[in-house]
A.B. asks: 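One structure, as structure tokens, below. Some questions next.
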Amino acid sequence: MNPTQPPTRLSHEESWGYDRKIMDYIHNAAAHGLYEIRGLGAKRPLPHFDDLVFLGASLSRYPLEGYREKCVTTTVLGTRFAKKPIELAIPITIAGMSFGSLSANVKEALGRAASEMGTSTTTGDGGMTPEERQSSKTLVYQCLPSRYGFNPDDARKADAIEVVIGQGAKPGGGGMLLGQKISPRVAQMRTLPEGIDQRSACRHPDWTGPDDLAIKIQELRELTDWEKPIYVKVGATRVSHDVKLAVHSGADVIVVDGMQGGTAATQTVFIEHVGIPTLAAVRQAVDALEQLDMKGKVQLIVSGGIRTGADVAKALALGADAVSIGQGVLFALGCNHEMYFQNGAHHAAAEDYARIGTAPGYCHHCHTGFCPVGITTQDPVLEQRLSPEVGAKHLRNYLKTLNMELTTLARACGKQNVHHLEPEDLVALTVEAAAMARVPLAGTNWIPGHGL
Ligand code: SF4
């Protein structure tokens, strides 16, 4: 080496198109010839409610006093045809998550917390557990393409029925439950063999389109004596058409689940590459209802990546009647936490995360059945790590916080009722969010696509 020359620099330039992540993906695909399956939702950055901000009251609007002036949160769902619409104390509901994916303890915790907060929880693939029914004041019973565990007697015991056409994490695809989670009880409820990987169907066995769906909804109404509201849940893709067809089929309530929605086990390629962001879906759904003159007659629930009271307030301002939360609920229960609480003490879970090849903060390993904090497991030892009492307490605190944040924002915008929030209360921080949410870019009157 010539000492007068500087040493040759190693190149550290990473390729944009073939970065370490994509190289890792290709190496794995080449080594195993298999696609990745995982839990939770999309991880890449997407347009989100964070790209919107509220215009709080000042001279041109009058705010409400937080401690003295009431801000109503009561939410009524299912007013179109059902004899017994659902009345909730807050516009925040718990999304469908299956027994099988979640432990029976967790299903009970969801029911307890929802009941204490005056809201609803939802079953999932695999049917209704007695613990869940008993602990839930208001329980929505899902009718899914797989029909695993679907039982007309349970449908009659529910307070509403949700026909699931699709999920935000995997519109057009079916779910999975790997063999290690098919315990004797799960197998018995689903009439499937124990310990064998199970795939759920991607479409319903007895209908192919909206006219058949109308017949199915009619059947469900007759089964429940026209008492229970019928929800139709779609993964967000062609939202406008799907909402109109769901209305045509006779839905009382429509649930639109955006691509940030979670799953217990699905191919990563689905989670990251199918569907549209929740932010983009809300206004399309609201427009479709308005075009049919059904806004306020058919209620809209929005889900997929709702995490905070601000997200709830923004979804309501854009026209949703309520939101539904899945992943946020799991985090409130301790998902990805480095400790779990058992027998009156905290215990470190880092070694258990390492055993399934991950670490707290990075885990998406719900599909494995070895959840280190006892949420998405059927393992008799692991499931003891989350008791219904502790889970319910944390979830109740989370829901309470969201509701307080929601009413704080509504009061700041001068609203006596959270359902009076409106698009006019919002502006966008990015051109993309302005175009999707159809609100002006902050500091301008410009809504992309709508002139000046
Ligand atoms: S901590 Fe449990 S619930 Fe959370 S992602 Fe990991 S396996 Fe799933």
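One is the number of the first residue; the rest follow in order along the sequence. First listed ligand is number 1; within each ligand, the first listed atom is number 1.
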A.B. asks: With a 4.0 Å cut-off on heavy atoms, is L330 in contact with ligand 1?
C.D. replies: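 Outside the 4.0 Å threshold, so no.
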A.B. asks: Is the side chain of N105 donor-acceptor paired with the backbone N or O of E383 at a distance under 3.5 Å, no angle test?
C.D. replies: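 Yes, the answer is positive, given that a donor and an acceptor are paired below the 3.5 Å cut-off.
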A.B. asks: Within less than 2.8 Å of atom 4 (Fe) of ligand 1, any N, O or S from C335?
C.D. replies: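 So C335 counts as coordinating atom 4 (Fe) of ligand 1, yes.
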A.B. asks: Is it true that the side chains of E87 and T74 contain a donor and an acceptor less than 3.5 Å apart?
C.D. replies: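 Looking only at side-chain atoms, T74 and E87 do not form any donor-acceptor pair under 3.5 Å.
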A.B. asks: Quick check on contacts: which atoms of ligand 1 are under 4.0 angstrom from a heavy atom of T376?
C.D. replies: 2 (Fe), 3 (S), 7 (S), 8 (Fe)
A.B. asks: Is H365 close enough to atom 2 (Fe) of ligand 1 that one of its N, O or S atoms comes in under 2.8 Å?
C.D. replies: no
A.B. asks: Go through the steps for T93 and T119 under the test side-chain hydrogen bond (donor to acceptor under 3.5 Å, both in side chains), then give the verdict.
C.D. replies: CA-CA 6 Å; T93 66; T119 189; 5.5 Å; no
A.B. asks: When you measure from atom 8 (Fe) of ligand 1 to the N, O or S atoms of C366, does any of those distances fall below 2.8 Å?
C.D. replies: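 A backbone or side-chain N, O or S atom of C366 is under 2.8 Å from atom 8 (Fe) of ligand 1.
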A.B. asks: Number the atoms of ligand 1 from 1 as they appear, then name those within less than 4.0 Å of a heavy atom of N336, with their elements.
C.D. replies: 1 (S), 4 (Fe), 5 (S)
A.B. asks: Under 4.0 Å from any heavy atom of C363, which atoms of ligand 1 are there?
C.D. replies: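 Answer, ordered by atom number: 1 (S), 5 (S), 6 (Fe), 7 (S).
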A.B. asks: Would the number of heavy atoms belonging to other residues, nucleotides or ligands and lying under 6.0 Å from OH of Y25 be above 12?
C.D. replies: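 12 or below, so no.
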A.B. asks: Checking K314 side chain against L52 main chain: does a donor-acceptor pair fall under 3.5 Å?
C.D. replies: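 Yes; at least one donor-acceptor contact below 3.5 Å.
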A.B. asks: Scan side-chain atoms only and decide if T278 and Q260 contain a donor-acceptor pair under the 3.5 Å cut-off.
C.D. replies: yes
A.B. asks: So if I count the atoms of ligand 1 from 1 in the order they appear, which ones are less than 4.0 Å from some heavy atom of C371?
C.D. replies: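 Listed by number with element, the hits are 1 (S), 2 (Fe), 3 (S), 7 (S).
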